[in-house]
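Remember, predicted model here, so these are calculated numbers, not experimental data. Quick note on labels: first sequence line is chain A, next is B, and so on, each numbered from 1. In what follows, every heavy atom counts, from backbone to side chain, and hydrogens, waters and symmetry copies are set aside.
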Amino acid sequence: MTMTNLTIATWNINSVRLRWRLIERLLVAAKPDVIALQETKTPDEFFPAQELRDLGYAHQLFSGMKGYNGVAFLSRLPLTRLSGPDWCGRGDCRHLAARLDNGVELHNFYVPAGGDIPDRALNDKFGHKLDFIAEAAQFWRREHKNAAPKILLGDLNIAPLEQDVWSHKQLLDVVSHTPVEVAGLLEWQSAHGFVDAIRYFVPANEKLYSWWSYRNRDWRKSDRGRRLDHIWVTPNLRDNLRSQKILKDARDWPQPSDHVPVTLTLDLP
DNA sequence: ATGGTTGCCGTGCAA
């Protein structure tokens with residue numbers, strides 16, 4: 001039986017118009033076949049489609065809006081766009097779904113960051129975040145009859161494990177690591193039996209981050225990171241998992257995003 | 001305890 005390698009990356013690029021050239025560095029470092037972007041921050045008419053085609057990503061799907069949000073797929077393989085719900089009825093660009101020719105479904109998510117105060121009574125943005133993840137859990141529960149292999153990836157804006165943040169104790173009350181968010185995310189994950197494909201390779205007691213704030217003078221020295229970017233797969237892909245890479249060095253690329261790319265390689269029949 | 005930075009847009013807001 002011939003096996004095909006698939007490398008897929010997720011990256012919150014924080015403006016694709018400003019940083020599309022960094023995708024060439026990602027290409028050199030990891031050669032991803034498919035890239036899921038979040039926070040593209042541009043309406044579709046300004047998406048740098050030709051520039052990214054010239055890098056080899058002939059197949060593209062993007063869904064953007066002015067200033068905020070925005071998700072995209074760049075692919076060397078053909079993609080078929082799948083429809084999805086209007087999350088929280090807001091018309092935001094936070095989810096993009098597609099199917100590869102081999103039947104694997106790809107789901108790119110950008111979960112609301114949730115503002116600063118972890119209390120929905122005081123902060124609507126936190127309420128929106130909790131509603132979004134609850135709606136996602138519900139969506140995946142309803143998808144239980146869809147047996148297609150799936151890869152779900154994106155900026156989920158929640159660091160679920162104690163070693164997914166620089167200090168579990170100090171971040172218990174900080175949006176992205178509060179117990180209510182973590183419970184919601186794990187509920188979503190279990191709603192469709194998703195496997196955390198990155199932690200499949202890295203033991204839970206090892207620190208692992210994909211984001212470092214811009215607000216630290218020396219991000220590497222202070223190392224106050226969080227693992228906000230995730231790749232999950234359905235159990236029927238567990239035996240196909242081969243390797244993962246979190247491109248920490250990307251945090252030092254010129255004019256970097258505050259998130260670094262996370263990549264997963266699988267063997268597919 | 002506080003403030004720290006960035007992008008987009010327009011001098012505020014979201015992250």
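Note on A:R19: only backbone sugar-phosphate atoms sit closer than 4.0 angstrom, heavy atoms only; bases stay farther off. Across all strands shown, A:F46 has no heavy atoms under 4.0 Å from either base or sugar-phosphate atoms. When heavy atoms are screened at a 4.0 angstrom cut-off, A:Q38 is found touching no nucleic acid atom at all.
The 5' end of DNA chain B is approached more closely, in terms of each residue's nearest nucleotide, by A:S15 than by the other of A:G114 and A:S15. If A:R217 and A:E39 are placed on DNA chain B by their nearest nucleotide, the residue sitting closer to the 5' end is A:R217.
Once rounded to the nearest 0.5 Å, the distance linking CZ of A:R94 with OG of A:S63 reads 11.5 Å. Considering CG of A:D223 and CH2 of A:W212, their distance stands at 6.5 Å, rounded to 0.5 Å.
If you take atom P in B:dG12 and the same atom in B:dA1, they sit 29 Å apart, rounded to whole Å. Remark: the separation of the C1' atoms in B:dT11 and B:dT6 is 15 Å, to the nearest Å. Nucleotides B:dG3 and B:dC9 have their P atoms positioned 28 Å apart, rounded to a whole Å.
The nearest whole Å value for the distance from the CD1 atom in A:I117 to the P atom in B:dA14 is 13 Å. For A:M65 and B:dC9, the CE to P distance is 11 Å, given to the nearest whole Å. Note: CD1 (A:I13) to C1' (B:dT6) measures 15 Å, nearest angstrom. Following rounding to the nearest Å, A:D116 (CG) and B:dG3 (C1') show an atom-to-atom distance of 12 Å. Taking atom CH2 of A:W211 as the reference point, atom P of B:dA15 lies 13 Å away to the nearest angstrom. In this entry the distance linking CG of A:N14 with P of B:dC8 reads 7 Å, nearest Å. One atom, CG of A:N12, and another, P of B:dT6, lie 16 Å apart when rounded to the nearest Å. Rounded to whole Å, atom C1' of B:dC13 lies 13 Å from atom CG of A:N123.
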Open item on the list: Run A:H107 and A:H95 through ring-ring contact (aromatic ring centres under 6.0 Å, His included) and show every step you take.
Closed with: CA-CA 7 Å; A:H107 288 266; A:H95 174 227; 5.3 Å; yes
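Checked for salt-bridge contact, A:D249 and A:R220 meet the test: a charged N lies under 4.0 Å from a carboxylate O.
Of the N and O atoms on the side chains of A:D258 and A:W211, at least one donor lies less than 3.5 Å from an acceptor on the other residue.
Counting only heavy atoms from C-beta on, A:K125 has its side chain closest to B:dA14 among B:dA14, B:dC9, B:dT5. In the set B:dT5, B:dC9, B:dG7, B:dG7 carries the atom at the smallest distance from any side-chain atom of A:Y68. For A:K66, taking side-chain heavy atoms from C-beta onward, the closest of the listed nucleotides B:dC9, B:dT5, B:dG7 is B:dC9.
Taking side-chain N and O atoms only, A:Q255 has no distance below 4.0 Å to OP1 or OP2 of B:dT6.
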